[in-house]
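Let me begin by presenting the structure, written as structure tokens, before commenting on it.
Chain naming here is simple, since letters A, B, ... match the order of the sequence lines and numbering starts at 1 in each.
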Amino acid sequence: MRLSRYFLPVLKENPAEAQIVSHRLMLRAGMIRQQAAGIYSWLPLGYRVLRRIEQIVHEEQARAGHIPLLMPTLQPADLWRESGRYDDYGQEMLRIRDRHDRDMLYGPTNEEMITDIFRAHVESYKQLPLTLYHIQWKFRDEIRPRFGVMRGREFLMKDGYSFDLTREDALHAYNRHMVSYLRTYERMGLTAIPMRAASGPIGGDNTHEFLVLAETGESEVFYDARVPALKLGDRAVDYDDRAQVAAICEEFTSLYARTDETHDAALFEQIPEERRCIGRGIEVGQIFYFGTKYSEAMGATVVTPDGARVPVEMGSHGIGVSRLLGALIEANHDDRGIIWPEGVTPFPVGIVNLKQGDAATDAACEGLYAALAARGLEALYDDREDRAGAKFATMDLIGLPWRITVGPRGLANGVVELTCRRTGESEEMSAEAAVARVAEIYAGR
RNA sequence: CGGAGCGUAGCGCAGCCUGGUAGCGCGCUGGUUUUGGGUACCAGAGGUCGCGAGUUCGAAUCUCGCCGCUCCGACCA
């Protein structure tokens, strides 16, 4: 993408309403625009990252054997009357009436609807296990939206629903989700710690939240220092191997890690003192096993091998997709701007032309741009007539992990400069070498 | 929803107390200059002063009502 033809409305000054760093940077980097309290338009740069995150979520869900579908944002109230939640949910649920005076709502979640789909089409244990998920906009009419996309009213969420015959099967689905979430966050360059959580209004007894450590997090968290160091890495996972999946969950949850809601001071004290950590975290996902709460209420049953009819065992599992943008920036920034992890960056690399209009630098930049494209890497090429300082400041702000700087001085010696956004380290090399290096960095992506 | 504020140009703000033809910085447009970290100068464009009533010869400014937004708290993915 050539910056001269892109739409990147960056701001030099901080908008007054943004209090936390991720909100400020998303506004300044031209990623979002607020349209109402807690409701945002996603401008091209923000939209690219959002889609990238969605893509990673889809890929990891597919790997775990989960099946995508798409349910609507608007739902009929009747489904929610069946489960009893229409009255329970309260003011957070946005209620709408259509022209025929039917009660509708903008979905804050989809348990009722997915249960309706299930009961209509699944009759036998032979069709289990089944996990269906979608990535769809939700609305919760928060009393006080804040922190930009971290606590908006409208938000994009991946929510998945598992259906199993037995409790044991359902717990495997739960574990499978935990492992797939660990992979998902790791690919994004995040350390998200599963923490035992309180069940909240959805109900159920087995639940973990995934928290990204950040000073601006909304929850206080207590954990063993060894937990954030745990990595899934590139080990091979067979999601059908119950023992292996359970062992990974055990590895990631046996050490102490809890939010303030479930914190147990006595247990915490048992950790050696030097490993006791207290911090704050941003919740970016949650998994629940809740059994037959909805299937019983809504008559979602299957026939067992014995010919009996039993309510299906369910769980629901969410990832806050739009919220992840905020969490990623909270965890990856410095005083000059965002620092995207390679996994989620909107563009893999930026090209800065220091002397737009100079035949040699223009040609070198065009060459780099084409060579990167040939390797499947879409660079953001700053081809505007502007000062070097302004171009650097823009690149630093929007946070592309790598930058190739092309100027007459370097070209005279046959080199361009490759700079790492995170470390600030620069290295001079030929244009060909720079392309090769960037391609290598992104080879696994 | 309790408490506290704020709505004046795309962004950040002054002007309001003490009513008299709407300003500053950044950004934007044209030009000159400059060219390896937000350059300098010149000339411009851009505003229903959130909305509606009222007081007044005259309202951004005073009064009343409404709307929107932000912050702290309670609540939440």
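Taking the ring centre of A:Y86 as origin, the terminal cationic atom of A:R95 falls inside the region bounded by 6.0 Å and 45° from the ring axis. Both the sub-6.0 Å distance and the 45° axial angle are not jointly satisfied by A:R258 relative to the ring of A:F222.
Look at B:C51: its Watson-Crick or wobble partner, with both distances under 3.5 angstrom, is B:G65. Across all strands shown, B:G73 forms a Watson-Crick or G-U wobble pair, both distances under 3.5 Å, with B:C1. B:U21 is unpaired under the Watson-Crick or G-U wobble criterion, no partner having all donor-acceptor distances under 3.5 Å. For B:G44, the paired base is B:C28 (Watson-Crick or G-U wobble, both distances below 3.5 Å).
No option in A:H177, A:R176, A:Q61, A:H317 other than A:R176 meets the side chain to side chain donor-acceptor pair (under 3.5 Å) test with A:T131.
With A:N110 contributing its side chain and A:M113 its backbone, the two residues share no donor-acceptor pair below 3.5 Å.
Nucleotides B:G30 and B:G36, compared at atom P, are 23 Å apart to the nearest Å. Here the separation of B:C49 from B:G23, taken at their C1' atoms, is 12 Å to the nearest Å. Rounded to the nearest Å, the gap between the P atom of B:G3 and that of B:G50 is 25 Å. Across B:C69 and B:U63, the matching P atoms stand 25 Å from one another, rounded to whole Å. For the P atom pair drawn from B:G38 and B:U21, the interatomic distance equals 41 Å after rounding to whole Å. B:C62 and B:U56 have their C1' atoms separated by 10 Å, with the value rounded to a whole Å. Distance check on atom C1': B:G58 versus B:G20 gives 7 Å, rounded to whole Å.
In this entry the distance linking CZ of A:F147 with C1' of B:C69 reads 16 Å, nearest Å. Rounded to an integer number of Å, the gap from CG of A:L27 to P of B:C11 is 11 Å. Atom CZ in A:F392 sits about 14 Å away from atom P in B:U39, given to the nearest Å. The CD1-C1' distance, from A:I143 to B:G3, rounds to 14 Å in whole Å. Taking atom CD of residue A:E92 and atom P of nucleotide B:C1, one finds them 15 Å apart after rounding to whole Å. The distance from atom CG of A:D260 to atom C1' of B:C76 is 13 Å, rounded to the nearest whole Å. What separates CD of A:E142 from P of B:C71 is a distance of 13 Å, to the nearest Å. For A:K12 and B:G37, the NZ to P distance is 15 Å, given to the nearest whole Å.
If A:R144 and A:E428 are placed on RNA chain B by their nearest nucleotide, the residue sitting closer to the 5' end is A:E428. When the nearest nucleotides of RNA chain B are assigned to A:N14 and A:R28 by heavy-atom distance, the more 5′-ward of the two goes with A:N14.
With distances taken from any side-chain atom of A:F155 to the nucleotides B:C11, B:U70, B:A77, the minimum falls on B:A77. With B:U34, B:A77, B:C69 as the choices, the nucleotide that has an atom nearest any side-chain atom of A:A37 turns out to be B:C69.
In this model, a side-chain donor or acceptor of A:R403 finds a partner on the base of B:G37 within 3.5 Å. One can find a donor-acceptor pair under 3.5 Å joining the base of B:C75 and the side-chain atoms of A:R151. Below the 3.5 angstrom threshold, one finds a donor paired with an acceptor across the side chain of A:E417 and the base of B:G36.
Listed pair A:R146 / B:C72 meets the phosphate criterion, a side-chain N or O lying under 4.0 Å from OP1 or OP2. Under 4.0 angstrom from either OP1 or OP2 of B:U35 there lies no side-chain N or O belonging to A:R409. The side chain of A:Q34 places an N or O atom within less than 4.0 Å of a non-bridging phosphate oxygen (OP1 or OP2) of B:U70.
Applying the salt bridge (charged side-chain N to carboxylate O under 4.0 Å, His left out) test to every pair with at least one member in residues 54-70 of chain A, sequence neighbours left out, gives these pairs: A:E59-A:R187, A:E60-A:R63, A:E60-A:R183, A:E60-A:R187.
Using a 4.0 Å heavy-atom cutoff across all strands shown, A:G407 reaches at least one base atom of the nucleic acid. Among the atoms of the strands shown, none is found under 4.0 Å from any heavy atom of A:G30. No engagement by A:G285 is indicated, since no non-hydrogen atom pair under 4.0 Å with the nucleic acid exists.
Using a 4.5 Å heavy-atom threshold, the side chains of A:D103 and A:R81 count as touching.
Using a cut-off of 4.0 Å between Lys/Arg side-chain N and Asp/Glu carboxylate O, A:E112 and A:R85 are scored as salt-bridged.
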